[in-house]
Chemist: 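This is the structure I want to talk about, given as structure tokens.
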Amino acid sequence: MSLWDIDPIKYVGNEDIKQELGFHYYDADRVVAGKPMKDWLRFGVAWWHTFDQELVDPFGVGTAQRPWHGKYSNALDEALAKVDYAFEFFTKLGAEYFCFHDRDIAPEGDTLRETNANLDKVVAKIKENMEATGVKLLWNTSSLFTNPRFLAGAATSPYADVYAYSAGQLKHSLEIAKELGAENYVFWGGREGYESLWNTDMKREQDHIARFFHMCVDYAKEIGLDSQFLIEPKAKEPTSHQYDFDAATAIAFLYTYELQNAFKLNLEGNHANLAGHTYQHEVRVAREAGMLGSLDANQGDKLLGWDLDEFPTDLYETIAVMWEVLAAGSIGPRGGLNFDAKPRRTSFMPEDLFRGHVAGMDSYAAGLLVAAKMHEDGFIENLWADRYGSFESGIGATVEDGSATLASLEAYALDIPQAQLLAGVKSDHLESVKATVNNYMISALAQA
């Protein structure tokens, strides 16, 4: 019996430009740049937004209408039932991966022991469905931020009992990752930051969370967990300042505490904006540092200063991100694109969950097609080669090969006339570059 009154989503091409319940660009098995689209993108559905989010906002109660509402007498029965809804959703959408926080999938008990028992019942059912459908776990994580006990953080909490509880909760979450074969394991420090420096020993808190991460690395080795560990940066919200502010900050933290070999980054577009960056910037920083692990597929409203988690539809952003992914060769060793996104409050019907995911999957597929054509033509690569060509020979080559010194550069530069310096400076034609990206988008998608 079908739980969702929706037919499986299929590739329909561009015969009808209306975005309905069909893919216009996402053709899972179509080979792009040497790999099927599904292998470049590895789409994952986020449990929390898709099956738990009621479309609440700070000014009103939820508007979501869901097929399981009102059917179950207790929270555990509803949690177990949602597993069936979830896996039918994954298969009808054609998403091969999913992800979750531990507290998304099962209700808490009064003690950690009771909570773990609830969790284990749901995990057992999830495992059965994974085996039956072939859908895989992109990553799981632990919710160490929602419960009031985490009001001052978890691994940075000033309260030792909360720190210990957090460690116990995380331990079981790692065991679940092993049980379900998680490709990755994500650490998002929801409240690992500060509201005010006046009452915060920042060094001590960062020492504590670093020790926490080392314990997680040690336990993963102890139990034979082979998941890639990922840190997800976010600048602010819910604290005034998060310790994993952006990609560069997170990478510096990992190197400071000798964790760089155990972790990579899971990046999000909306979080990049909160840090004052573009999504491409964050992906570029991680890629060039060899720390790109996985990606969240969402976007925010540039006019609003908070985390909206909209489904991604901005093609300029998806093209930029997929250009970086193609340059890297993959999203990460085991990464994918998970939809940390929810429909708008006014899109409250069950089918809107499908519509939002279809729009997001198509947007990233379109981004892949355009970025692949740009790479095929070497447009950006040739632009870079021309712009930095003076470093390929002469004095520039000595900078590249490390033989230059301040003295050698001074000797070279002392008698160069200003007119000669200016003659070597060329216009970037930046407006033309941006227009060419527009033309690639129009041309590549027209031929798709």
Side-chain angles (χ1 to χ4, degrees), residues 41 46 184 186-194 202 206 230-256 259-260 263-328 330-332 335-342 360 363-364 367-368 370-371 374 380 383-384 387 428 430-431 433-434 437-438 441:
L41 301 168
N184 307 275
V186 170
F187 296 81
W188 178 58
R191 298 186 189 277
E192 312 294 24
Y194 63 78
M202 188 164 64
Q206 292 192 72
L230 304 171
I231 285 180
E232 180 167 340
K234 187 177 183 181
K236 53 189 174 183
E237 291 187 354
T239 65
S240 300
H241 175 87
Q242 301 280 123
Y243 291 137
D244 50 7
F245 184 89
D246 61 4
T249 305
I251 292 169
F253 170 88
L254 293 173
Y255 273 88
T256 297
L259 289 160
Q260 71 274 13
F263 286 81
K264 293 189 184 298
L265 301 186
N266 182 69
L267 301 169
E268 177 182 312
N270 212 156
H271 292 178
N273 301 153
L274 290 174
H277 305 310
T278 64
Y279 199 5
Q280 184 182 20
H281 169 91
E282 289 292 88
V283 180
R284 175 77 61 85
V285 169
R287 175 175 74 80
E288 292 187 338
M291 299 294 278
L292 180 59
S294 197
L295 299 173
D296 283 9
N298 70 13
Q299 68 185 37
D301 187 323
K302 304 300 190 295
L303 300 179
L304 300 176
W306 54 297
D307 196 359
L308 291 177
D309 289 334
E310 294 182 0
F311 279 99
T313 54
D314 183 340
L315 294 187
Y316 286 101
E317 186 161 273
T318 64
I319 292 166
V321 169
M322 293 313 300
W323 192 92
E324 299 294 338
V325 168
L326 284 158
S330 68
I331 290 177
L337 281 161
N338 85 85
F339 286 101
D340 186 7
K342 59 182 182 289
S363 295
Y364 266 97
L368 173 63
V370 177
M374 291 170 66
I380 300 298
L383 187 155
W384 289 2
R387 192 168 191 238
D428 279 342
L430 189 55
E431 292 73 20
V433 171
K434 291 182 177 181
V437 173
N438 287 350
M441 178 168 66

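Remember, predicted model here, so these are calculated numbers, not experimental data.
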Chemist: Can you measure from NZ (K236) to CH2 (W306) and round to the nearest 0.5 angstrom?
Modeler: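 Nearest 0.5 Å value for the NZ-CH2 distance: 13.5 Å.
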
Chemist: Kindly compute the distance separating CG (N273) from OG1 (T278), expressed to the nearest 0.5 Å.
Modeler: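 Reported value, rounded in 0.5 Å steps: 8.0 Å.
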
Chemist: Quickly, which of D244, D307, D246 forms a salt bridge (Lys or Arg N to Asp or Glu O under 4.0 Å) with K234? Name it, please.
Modeler: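 The passing option is D307.
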
Chemist: For residues I331 and S294, report the shortest heavy-atom separation together with the two atoms involved.
Modeler: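 Smallest heavy-atom distance, with atoms named: CG2-CA, 3.7 Å.
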
Chemist: Within the 4.5 Å heavy-atom criterion, are Q206 and T256 side-chain neighbours or not?
Modeler: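 The answer is no, as the side chains (C-beta and beyond) never meet within the 4.5 Å cut-off.
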
Chemist: For the residue pair D314 and S363, establish whether any side-chain heavy-atom pair is separated by less than 4.5 Å.
Modeler: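 No, too far: nothing below the 4.5 Å cut-off.
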
Chemist: Might you point out which heavy atoms bring I319 and M441 nearest each other, and give the distance in Å?
Modeler: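 The answer is CD1-SD, 3.7 Å.
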
Chemist: Is the shortest side-chain heavy-atom distance between Y279 and T318 below 4.5 Å?
Modeler: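 Side chain of Y279 against side chain of T318, heavy atoms only: no contact under 4.5 Å found.
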
Chemist: Regarding N438 and Y316, do their side chains bring together a donor and an acceptor under 3.5 Å, going by distance alone?
Modeler: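 Yes, a side-chain donor-acceptor pair sits under 3.5 Å.
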
Chemist: Taking the side chain as every heavy atom from C-beta outward, state whether N184 and N266 have any pair of such atoms under 4.5 Å apart.
Modeler: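 No, their side chains stay 4.5 Å or more apart.
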
Chemist: Does the plane of the ring in Y243 sit parallel, tilted or perpendicular to the ring in Y194? Use 30° and 60° as the thresholds.
Modeler: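 Rings of Y243 and Y194: tilted, 30 to 60°.
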
Chemist: Please identify each residue that fulfils salt bridge (Lys or Arg N to Asp or Glu O under 4.0 Å) with E288, with sequence neighbours left out.
Modeler: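 E288 satisfies salt bridge (Lys or Arg N to Asp or Glu O under 4.0 Å) with no other residue.
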
Chemist: Hey, does the side chain of E282 reach the backbone of A247 with a donor-acceptor pair shorter than 3.5 angstrom?
Modeler: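 Yes, E282 side chain to A247 backbone: donor-acceptor pair under 3.5 Å.
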
Chemist: Is the closest side-chain heavy-atom distance between D428 and V433 below 4.5 Å?
Modeler: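 The answer is no; the side chains never approach within 4.5 Å.
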
Chemist: Where is the tightest heavy-atom contact between S330 and L292, given as atom of each residue plus distance?
Modeler: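 What the structure gives for the nearest pair is O-CD2, 4.1 Å.
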
Chemist: Tell me the closest heavy-atom pair linking L267 and A286, and the distance in Å.
Modeler: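 Here L267 and A286 meet closest at CD1-CB, 3.8 Å.
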
Chemist: Output the distance between atom CE (M202) and atom NE2 (H241), rounded to the nearest 0.5 Å.
Modeler: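 One gets 6.5 Å once the value is rounded to the nearest 0.5 Å.
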
Chemist: Only counting residues at least two apart or in another chain, list the ones meeting side chain to side chain contact (heavy atoms under 4.5 Å, CB included) with K264.
Modeler: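 For K264 the side chain to side chain contact (heavy atoms under 4.5 Å, CB included) partners, ignoring immediate neighbours, are Q228, L230, P333.
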
Chemist: Just verifying a value: how many Å separate H271 NE2 and H277 NE2, rounded to the nearest 0.5 Å?
Modeler: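 The distance works out to 13.5 Å.
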
Chemist: Ignoring hydrogens, what is the shortest heavy-atom contact between A250 and L265? Give both atom names and the distance.
Modeler: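 Result for this residue pair: CB-CD2, 3.9 Å.
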
Chemist: Side-chain contact test, heavy atoms from C-beta onward, threshold under 4.5 Å: evaluate it for E232 versus E268 and give yes or no.
Modeler: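 They are in contact (side-chain heavy atoms under 4.5 Å apart), so the answer is yes.
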
Chemist: Side-chain contact, heavy-atom cut-off 4.5 Å: L41 with V325?
Modeler: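 No. Closest side-chain heavy atoms not under 4.5 Å.
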
Chemist: Taking the side chain as C-beta and beyond, is there a heavy-atom pair between M291 and L254 under 4.5 Å?
Modeler: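 The answer is yes, as the side chains (C-beta and beyond) meet within the 4.5 Å cut-off.
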
Chemist: Okay, side chain of N298, backbone of D340: is any donor-acceptor separation there less than 3.5 Å?
Modeler: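 Looks like yes, one N/O pair under 3.5 Å.
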
Chemist: Between M322 and A371, what is the shortest heavy-atom contact and its length?
Modeler: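 Shortest heavy-atom contact: C-CB, 3.8 Å.
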
Chemist: Just how far is it from atom CD of E324 to atom CZ of R284, taken to the nearest 0.5 Å?
Modeler: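 Answer for the CD-CZ pair, E324 versus R284, is 4.0 Å.
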
